[in-house]
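None of the values given here were measured: they were computed from a predicted structure.
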Amino acid sequence: MKLSKSYQPQEHEAAIYSLWESRNAFIPSQKGSPYALVMPPVNANGNLHMGHALTFSIQDIAARYQRSQGKSVLYIPGADHAGFETQVVFERELIKTGKSRFDYSREELYKNIFKFVDQNRTNLHSQIRRLGASVDWTRYTFSLDPAVVRQAYATFHSMWQQGLIYRGERLVNFCTYHGTAFADIEVVHKEEQGKLWHISYPLTEGKGSVVIATTRPETMLGDTAVAVNPLDKRYQELIGKTLRLPLTNREIPIIADSYVDPDYGTGAVKITPAHDPNDFEIGERHDLPKVTVIGFDGRLVHDVPEPFKGLTVEEGRAAIINALSKNGYLAGSEDLVHSVGHCYKCGTVIEPLLMEQWFIDMKPLAKQAITAIRAGEIKFIPDTKRKQLINYLENIRDWNISRQIAWGIPIPAFVNENDPGDWIYDERVDQEVIEVNNKTYRRDPDVFDTWFSSSSWPYVTLGFPASDNYTKFYPLELMESGFDILYQWIGRMIMLGLYVTKQVPFKRVYLHGMITDEHGRKMSKSVGNVINPMEVIDAYGSDALRIGMISGQTPGNNQPYVPSKVIGGRNFCNKLWNIARFVQDKVESDQLAKLSLADHWILNRYDTMLRAYRKLMDNYRFSEAYEEIYHFVWDDIADWYIEASKVSLNPGLVKQLLEASLILAHPFAPFVTETIWQNLDITPDSLLSGRQLLDLPKGNRRSAANFNTIIGLINQVRSMLVATGTIDVKLSYPSSSLLKEHTSLIKQLTGVSSVALGSGEVGVEIAYADLKVWLDISQDRVVAYKQRLDNQIQQELTKIARLESRLNNPQYVKRAPADLVKQSHEQLAASKQNLHQLKVERQQLAR
RNA sequence: GGGGCUAUAGCUCAGUUGGCUAGAGCGCAGCAUUCACAUUGCUGAGGCCCAUGGUUCGAGUCCAUGUAGCCCCACCA
């Protein structure tokens, strides 16, 4: 097919992806050493966003580059049921139809969400394809696939047996709107303006009272003690005595605990073990009863005096303050800013509530992980994330894995109907009640935290425990993810991976930042600055989006979405396209002619660039590697080599260079490079995808240097022409074979009207290295150019001064590496030579 | 309270173990244009690399302190 005038991505992308799939291009080659990476499973409840565009671009560039290195690359796609997240999205849809989750049984809800997710998944798959991700669809994994569930159960069971999982009544972070508990890590803390209330609790015996300070007066109804610091002189006498709890008349003890800070508030703290994590611990230490006064609906319940029963926490607070004040118990208040936990989805204040849940004892797991990370078994890009993760692991707390929602993997545990302490493991989760040893057991209605199952991702996707894939590809070479889930996913994968497989799950972690809008603000619907990656693809093409994501990108930092970078990428694709058009028009054979100076030059450039490119790609420095290939294609090939080819064509070499460039650019711009490949009759049956980098012959250095001199001279002439604003200039040159050979090129690229051999000095002289030419420009036009020359002379003089002082410094000569000193000498010599030339030229013009 | 990040051209950002005469894209100014490409070509302007001190022959890069932004963790009642 004849290539159109410019690259139109929309006309080719879909067909190209289908071609790759139909030719099994992304199934591991089985040749070469294995290289595996796994796509972080996409939440199956919405559309791809810019973060996905970034993450898949990075992963896919790595995957495609490794194929070009001859590796057997496995890149596994997947989706996550995303338990709570998805249920929230689904609920929002339900509310639009006038229903709520309470209109359905758990089973019905589960089925409906499954349907919703299933539709969404197909949509997501097509979006992943549009981004060009070279994933092996035959190994696609969904987090509710039997294998994933089986592994979650196996891990749960074995941890339970080893005592790493326990069930206990603890204070959990409960969202009263969503009706479920969360892990500590999922709670969002916000600074809020609040009040510290001072309340006076009278002594049971005798006169006097103790004034306590609290931000949550409503929980006083559940107080079971007041604590003071054992060393606090003010309260020394009172320890062991009792107080009468206002509004309830319950008697509570004054206890001593070193947790209490005598300098904060009044130095006396009310203790509510059922509603505050610290109080819970103090309660455990002092064996205090736990009085629950807030229910799972967020209302005051249970052991609460009548007037307050049924009020919300907020209403209760006001009512209690009012009652305390009326009865003379309120001793004052002060403003304070404190941090309050909120549900990360709906913003409801998280209530610490007593609840029985399944917990994982994280300390031993974290310890193993820290050891492995410290031993360097996992490389972090950037390395600072390693320190952060270790810091987190060192302070880790137990992980609550129970969730009170419908959408998720049911916990395979049953409790004896007649003995709440008798729990057994059983996988018959499709039954609510089972009989074991003539006893009736009822299923735990809860489901696993999604992260519990997704933390097994690196090995479940490979078919652990018994599969060739697992043996061959585990541990993964690369885990690429956003740094926002460093703790909840990366950390847990490492811990569970070590626990289950006895190996680290991956050798390298690459963490990208968040995509913000152009001014560094988070993309959010309410601000209205969200950009849909599919619309960017519609407008500029998939390759352009990938390049926009990757150029100027560094790991570990947030990065703004900058449209101009996408446009730059689009333009680059078009540049490749037009180089291909030139080849299609002008190159009729693959005959390799005798190498010209330009040929030697471009081969030299290729060699230099290829080495830099490889080194950068091997070190996951994609942005810089892209710059290498970008400048090679645009500056070297398009601006110089193709121009030289118009004068003198070496068909075989032009073609080879195009092929080589396409292979190099392919990881960044897979669609346009493959489209060109398919349309150019170069090896028609094969795909570009998967081709290995080409080694081309090296150019002769002297020949290359000679061509470089021509380039320099052309640049000088151009500069002069622009500075003098002249047209229709005749160029003459003294006898020189180098110049003679390139007269056409010089004429074409400078735009002079003629290039001819001349013996006399006409007009102004232009010199570059050992070449000189004359331009018939009258002396009076060169004022601007003279100014430029003067500037250049000045620059050269400062440079020489700097180099000389450096070389006159005996310490430098003594201590700097020898080759560096040698280089300085060379630079100085070159500078002096250059200065001389500039001066000669300047003198010429001065006449 | 603990941990971490950022500060470089008008904008958005690169700059690996110190060797920099500090780069890119976009933007800006001027010129060109039927010849692969206006998704173009050419020429150019534009920077006390946040501040101060230190280490070093040499610091954008390393160290310390400070200033200004930002993120994460945490049980300040």
Q: Without hydrogens or angle criteria, can the side chains of D223(A) and T272(A) be said to hold a donor-acceptor pair below 3.5 Å?
A: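 Per modelled atom types, D223(A) and T272(A) side chains form a pair under 3.5 Å.
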Q: Write down the distance between CG (D383(A)) and P (U17(B)), rounded to a whole number of angstrom.
A: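 Atom CG in D383(A) sits about 12 Å away from atom P in U17(B).
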Q: Which parts of nucleotides 71-77 of chain B does protein reach within less than 4.0 Å, heavy atoms only, written one letter per nucleotide 5' to 3' as B for base, S for sugar-phosphate only and - for none?
A: -SSSBSB
Q: Using a 4.5 Å cut-off on heavy atoms from C-beta on, say whether the side chain of P563(A) contacts that of E518(A).
A: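 E518(A) reaches P563(A) side chain to side chain.
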Q: For R802(A) and F582(A), take the nucleotide of RNA chain B holding the closest heavy atom to each; which residue's nucleotide lies nearer the 5' end?
A: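 The answer here is R802(A).
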Q: Would you list the pairs meeting side-chain hydrogen bond (donor to acceptor under 3.5 Å, both in side chains) in which at least one residue belongs to residues 551-560 of chain A, sequence neighbours left out?
A: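 Sorted pair list: Y510(A)-Q553(A).
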Q: Using Watson-Crick or G-U wobble pairs with both distances under 3.5 Å, give me RNA chain B in dot-bracket, 5' to 3', with [ ] for crossers and | for pairs to another strand.
A: (((((((..((((.....[...)))).(((((.......))))).....(((((..]....))))))))))))....
Q: If the P atom of A51(B) is compared with that of G10(B), how far apart are they to the nearest Å?
A: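 A51(B) and G10(B) have their P atoms separated by 15 Å.
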Q: Sticking with atom P, work out how far A77(B) lies from C5(B), rounded to a whole angstrom.
A: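 It works out to 29 Å between them.
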Q: Among A36(B), U6(B), C13(B), find the nucleotide with the atom closest to the side chain of I579(A).
A: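 Nucleotide nearest to I579(A)'s side chain: A36(B).
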Q: Over 60° means perpendicular and under 30° means parallel, so tell me whether Y630(A) and Y626(A) are parallel, tilted or perpendicular.
A: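 Tilted.
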Q: Walk me through it: do R386(A) and D383(A) pass the test salt bridge (charged side-chain N to carboxylate O under 4.0 Å, His left out)?
A: CA-CA 5 Å; R386(A) 181 177 58 88; D383(A) 189 58; 2.9 Å; yes
Q: If we count only N and O atoms by modelled type, under 3.5 Å, do the side chains of D636(A) and H631(A) hold a donor and an acceptor together?
A: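 Their side chains do not contain a donor-acceptor pair, so the 3.5 Å distance test is not met.
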Q: Kindly point out which of U16(B), U39(B), A36(B) is positioned nearest to the side chain of R570(A)?
A: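 Taking heavy atoms from C-beta onward, the closest nucleotide is U39(B).
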Q: Taking the side chain of W634(A) as its heavy atoms from C-beta onward, which of U40(B), U16(B), U12(B) lies nearest to it?
A: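 Looking only at side-chain atoms, W634(A) lies closest to U40(B).
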Q: Indicate, with a heavy-atom threshold strictly under 4.0 Å, whether E518(A) touches base, sugar-phosphate, or nothing.
A: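 Sugar-phosphate: the residue E518(A), judged by heavy atoms under 4.0 Å, touches backbone atoms but no base.
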Q: Do D257(A) and N229(A) get their side chains close enough for a donor-acceptor pair, meaning under 3.5 Å?
A: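 No, no side-chain donor-acceptor contact under 3.5 Å.
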Q: Using a heavy-atom cut-off of 4.0 Å across all strands, would you classify R718(A) as base, sugar-phosphate, or nothing?
A: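 The answer is sugar-phosphate, as R718(A) gets under 4.0 Å only of primed atoms, P, OP1 or OP2.
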Q: Hey, does the side-chain of K5(A) have a donor or acceptor N/O within less than 3.5 Å of a partner on the base of C37(B)?
A: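 Looking at the base of C37(B), it does not pair with any donor or acceptor on the side chain of K5(A) (distance under 3.5 Å).
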Q: For I642(A) and C42(B), give me the distance from atom CD1 to atom P, rounded to whole Å.
A: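 In whole Å, C42(B) P and I642(A) CD1 are 14 Å from each other.
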Q: Does K575(A) put a side-chain nitrogen or oxygen below 4.0 Å from OP1 or OP2 of U39(B)?
A: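 The answer is no; no side-chain N or O of K575(A) sits under 4.0 Å from OP1 or OP2.
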Q: Would you mind reporting whether R374(A) and I390(A) have side-chain heavy atoms less than 4.5 Å apart?
A: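 Side chain of I390(A) against side chain of R374(A), heavy atoms only: contact under 4.5 Å found.
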Q: Please report the distance, rounded to the nearest Å, between CG in N578(A) and P in C35(B).
A: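 It is 11 Å, rounded to the nearest whole Å.
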Q: Can you tell me how far C1' in U61(B) sits from the matching atom in G54(B), rounded to whole Å?
A: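 Roughly 15 Å separates the two C1' atoms.
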Q: State which of C5(B), G19(B), A36(B) makes the closest approach to the side chain of K646(A).
A: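 Of all the options, the side chain of K646(A) is nearest to A36(B).
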Q: With rounding to the closest Å, how many angstrom separate the C1' atoms on A24(B) and G3(B)?
A: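 Result for the C1' pair: 33 Å, nearest Å.
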Q: Quick one: does NZ or CZ of K270(A) land under 6.0 Å from the six-membered ring centre of Y201(A), within 45 degrees of the ring axis?
A: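 No; the conditions do not both hold, so K270(A) does not lie above the ring face of Y201(A).
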Q: Between U12(B) and K565(A), is there an OP1 or OP2 to side-chain N/O distance shorter than 4.0 Å?
A: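 Looking at the OP1 and OP2 atoms of U12(B), neither is under 4.0 Å from any side-chain N or O of K565(A).
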Q: Please measure how far the C1' atom in G27(B) lies from the corresponding atom in U17(B), and state the result in whole Å.
A: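 Taking atom C1' in both G27(B) and U17(B), they lie 35 Å apart.
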Q: Separation of N557(A) atom CG from C70(B) atom P, in whole Å?
A: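 Interatomic distance, CG of N557(A) to P of C70(B): 16 Å.
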Q: Nearest-nucleotide wise, let me know which of S564(A) and F572(A) is further upstream toward the 5' end of RNA chain B.
A: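 Nearest nucleotide further toward 5': that of S564(A).
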Q: Verify the distance criterion only: is there a donor paired with an acceptor across the side chains of E192(A) and H342(A) at less than 3.5 Å?
A: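 On atom types as modelled, these side chains qualify, holding a pair under 3.5 Å.
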Q: Remember a base hit wins even if backbone is also touched, and classify N809(A) as base, sugar-phosphate or nothing at under 4.0 Å, heavy atoms.
A: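 Sugar-phosphate only.
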Q: Under 3.5 Å, is there a donor-acceptor pair between the N278(A) and Y259(A) side chains?
A: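 Note: N278(A) and Y259(A) side chains meet the donor-acceptor criterion.
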Q: How close or far is atom C1' of A14(B) from atom CG of L616(A), stated in whole angstroms?
A: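 Spelled out: CG on L616(A) to C1' on A14(B) is 11 Å.
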Q: Between G15(B) and C20(B), how far is it from one C1' atom to the other, in whole Å?
A: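 The answer is 10 Å between these two C1' atoms.
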Q: Nearest to the Q8(A) side chain among A24(B), U39(B), U12(B), which nucleotide is it?
A: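 Minimum distance to the Q8(A) side chain belongs to U39(B).
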Q: Taking the six-membered ring where the residue is Trp, are the ring centres of F668(A) and F572(A) under 6.0 Å apart?
A: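 Aromatic pair excluded; centres sit 6.0 Å or further apart.
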Q: I381(A) CD1 to C5(B) C1': how many Å, rounded?
A: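 Answer to the nearest Å: 18 Å.
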Q: In whole Å, what separates the P atom of A68(B) from that of C48(B)?
A: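 Looking at atom P only, A68(B) and C48(B) are 22 Å apart.
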Q: Whole angstrom is fine here: how far is it from CH2 in W640(A) over to C1' in C42(B)?
A: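 Rounding to the nearest Å, CH2 of W640(A) and C1' of C42(B) are 10 Å apart.
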Q: Quick check for you: among G41(B), A36(B), C5(B), whose closest atom lies nearest to any side-chain atom of D639(A)?
A: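 Of the candidates, G41(B) comes closest.
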Q: Do S831(A) and Q833(A) pass the side chain to side chain donor-acceptor pair (under 3.5 Å) test, and can you show the C-alpha distance, the side-chain angles, and the key distance before you say yes or no?
A: CA-CA 5 Å; S831(A) 264; Q833(A) 166 89 17; over 6 Å; no
Q: What nucleic acid atoms does A638(A) come within less than 4.0 Å of, heavy atoms only: base, sugar-phosphate, or nothing?
A: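 Base contact - A638(A) has a heavy atom under 4.0 Å of at least one base atom.
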Q: Give the rounded distance in Å between these two atoms: CG of L486(A) and C1' of C5(B).
A: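 About 13 Å, once rounded to whole Å.
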Q: With heavy atoms under 4.0 Å as the rule, sort K586(A) into base, sugar-phosphate or nothing.
A: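 Sugar-phosphate only.
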Q: E624(A) side chain: which of A14(B), A36(B), U39(B) is closest?
A: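 Looking only at heavy atoms from C-beta outward on E624(A), the closest nucleotide is A14(B).
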Q: When rounded to the nearest Å, what value does the distance between P atoms of A59(B) and C63(B) take?
A: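 Those two atoms are separated by 15 Å.
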Q: Please work out if P810(A) contacts a base, only the sugar-phosphate, or nothing of the nucleic acid, heavy-atom cut-off 4.0 Å.
A: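 The residue P810(A) makes no contact with any strand.
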Q: Counting the atoms with a prime plus P, OP1 and OP2 as sugar-phosphate, which does E643(A) contact under 4.0 Å by heavy atoms, base, sugar-phosphate, or nothing?
A: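 It contacts base atoms.
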